[in-house]
Structure formats: structure tokens, C-alpha cells
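Bear in mind the structure is a predicted one, so any value in this text is a computation, not a measurement. Throughout, a chain's letter reflects where its sequence line sits, starting with A, and its residues are numbered from 1.
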Number of protein chains: 2
Amino acid sequence: MKSIRETAVSFGVTPRTLRYYEEIGLLTPGRSSGNQRVYASQDAARLKLILRGKKYGFSLEEIREMILLFDEDRSGRKQLERSIEYGEKRIREIETVISEFQLLKEEMEGWLMHFEQKLKEEES
Amino acid sequence: MKSIRETAVSFGVTPRTLRYYEEIGLLTPGRSSGNQRVYASQDAARLKLILRGKKYGFSLEEIREMILLFDEDRSGRKQLERSIEYGEKRIREIETVISEFQLLKEEMEGWLMHFEQKLKEEES
DNA sequence: TTTATCATTGACGTTAACGTTAACTTCAAT
DNA sequence: ATTGAAGTTAACGTTAACGTCAATGATAAA
């Protein structure tokens, strides 16, 4: 059971971020006798999931939808499969970005060779 | 020579976007006798560059800096060496981005497996 | 020439994801 | 018991990248 600051520090975020995530329904930590937030391991696990999702370019709203679908639909797996498909679509998009960057890199290398050639011409 | 709407439509953006890009110094189209913006092929080329940069996740500010550097390099032909140096730096940066994206893709596949595993647990 | 669009500048509105401040309350250590 | 750090809610502030008027001028089609 950790406090809000301990949790925040261990995940590299601010307390405000944790309160905000709770505000939009992404986290639901417990409360102490004095009404202070207490974060259990399940909360930490969910936070880890959220931060990973963010890293992968999902908006908090998208992450919320995926988590809610998962929570609400434990018996019906149809929605869950759709969540997975959604993620796989994202992966394919990333693959596209990678290949485009590779193209850009090759373009730039060609552009550079043009100048390197000019430089050599001036040396001679 | 195209009007603002023609240009916007052909690039899939709105006129507001083009005015905004001009406002922050990303585009500098000419003006007609009646003070209306006219977009030449150079402007279209630059717009293409901007949109490609956006697609790769660069902010407009980052794109602005890159374009300014690019312009400096092109006008100062005496600084060929520095141009090449800059280009090589950019290529190394792009290589970093590519490898980061590849890592991201792998991690994301792991993230999805979290859901897929839960799916299998429900099956049993 | 008269519409019917289209364009211009200026200014305020919008959304996401928090930051910041205020005015308290609770906790931990002395 | 006191004090200083940390927590609470509520509400307003911030930034990027435009969206959306409003008032007015320019242009193209019939």
C-alpha cells in the first residue's frame, strides 16, 4: 500500500497525473481512514498498463475504452477480441511509419552523396 | 498558381491550416493583386514537407527549425561541409527513430499479449 | 451587372493532458 | 503538542493546432 507520492515517484509521474487519471476513471485507488489515496498492487499494475499505452501513442480516452471493455466484458470475449484487433491495427500503422522512415533515410543519403561529390570536385 | 482552397483541398487540409502555417512562419505564399494568397509549386513542395514531418510525429515547431536549417544550408553553398555534417546527423537521428519504433512495436506486441493471455484464461 | 462564392484579418472558442494556486486537513517526527 | 511536509478538493491557467464566427473585400459565372 503506497501513498500518492510514492506511487507517482516510482512511475515517474506527478501526483496531479494520478489524480487526473482517477478523475477520468482510469484509476480507482482506495482511501485511508483520513481520506487519503492508497495505491495497491492492482492499481500499480493498471497504471503500468496506462503508461505503456501512452507510450504506444494511444490517447487516454482510447486506453480508457480498452480497459473498460476488458473490465465490463469478462464473460463475453467478442469485445476483447476487438480491442486486440485495434492494437494490431496500430502495430501495422507503426510498421508503415518504419518503412517510410527507411525510405526517407535513403532519400537523405542520396541527397548527401550529391554534396559529398561536389566537395571532392572542389578538392581536386 | 493555386488559390488557398485549391491548395488546401489537394493536400487534404483546411484553408485555416494554411493560414496558420503562414502565421507561424512555415509557409510564405505570394499575394494576388487583390491581396489573396497564391500558392506556387515551391509552396506546395514545402507544404508536402511539412505534412510529411507531421506524419512522422514532429511538432510544427520542430519542423520549422528543420526547414530553417535546410534553407540556410541551401543558400550558403560555401558551407558544404557543415551541410553534410548536418545531414549525417539527421540520418543518425532517423536511424535512432527507426530503432525506437522497432522497439516500440515489439513492446506493443507484448502489451497486446497481456490481453490475449487474459482471453485464454477465460476460455479455460 | 448582379449574384454566389471565395478570400481576408481579427478575435474568441476548443480539446487533451496535465500545471498551478488557494484554502484547508492529515500524518509523521520531534 | 507543535510543526512541517504531504494530502485533499475546487477551480482557473497553459500549450498546440487548429475551428469558428463576424465584418468586409475580391472574383467568377450567368
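- Taking the side-chain hydrogen bond (donor to acceptor under 3.5 Å, both in side chains) definition, one finds that A:Glu22 meets it with A:Arg31, A:Arg37, sequence neighbours left out.
- Along DNA chain C, the nucleotide nearest to A:Thr17 and the one nearest to A:Ser33 differ in position, and the one closer to the 5' end is contacted by A:Thr17.
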Might you work through the side chain to side chain contact (heavy atoms under 4.5 Å, CB included) test for A:Tyr21 and A:Val13, ending with a clear yes or no?
CA-CA 11 Å; A:Tyr21 288 175; A:Val13 299; 5.7 Å; no
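- By the side-chain hydrogen bond (donor to acceptor under 3.5 Å, both in side chains) test, A:Thr17 pairs with A:Thr14, sequence neighbours left out.
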Set out, line by line, the N/O atom pairs under 3.5 Å between protein and nucleotides 11-17 of chain D.
unit_1, atom_1, unit_2, atom_2, d
D:dA17, OP1, B:Leu60, N, 3.3

Report each atom pair, protein N/O against N/O of nucleotides 5-9 of chain C, whose distance is under 3.5 angstrom.
unit_1, atom_1, unit_2, atom_2, d
C:dA7, OP1, B:Ser3, OG, 3.3
C:dA7, OP1, B:Arg5, N, 3.1
C:dA7, OP2, B:Arg5, NE, 2.9
C:dA7, O4', B:Gln36, OE1, 3.4
C:dT8, OP1, B:Arg37, N, 2.7
C:dT8, OP1, B:Arg37, NH1, 3.0
C:dT8, OP2, B:Arg19, NE, 3.0
C:dT8, OP2, B:Arg19, NH2, 2.9
C:dT8, OP2, B:Arg37, NH1, 3.4
C:dT8, O5', B:Arg37, NH1, 3.3
C:dT9, OP1, B:Arg31, NH1, 3.3
C:dT9, OP1, B:Arg31, NH2, 3.1
C:dT9, OP2, B:Arg37, NH1, 2.8
C:dT9, OP2, B:Arg37, NH2, 2.6

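- Between A:Ala44 and A:Phe11, the closest heavy-atom pair is O-CZ, 3.5 Å.
- Heavy-atom minimum distance, A:Ile4 versus A:Leu18: O-CD1, 3.5 Å.
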Could you give me the CA-CA distance, side-chain angles and deciding distance for A:Tyr20 and A:Leu26, then say whether side chain to side chain contact (heavy atoms under 4.5 Å, CB included) is met?
CA-CA 9 Å; A:Tyr20 178 66; A:Leu26 273 179; over 6 Å; no
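- Not a single side-chain hydrogen bond (donor to acceptor under 3.5 Å, both in side chains) links A:Ser10 to another residue, sequence neighbours left out.
- With sequence neighbours excluded, the residues forming a side-chain contact (heavy atoms from CB on, under 4.5 Å) with A:Ala40 are A:Met1, A:Gln42, A:Asp43, listed by chain and number.
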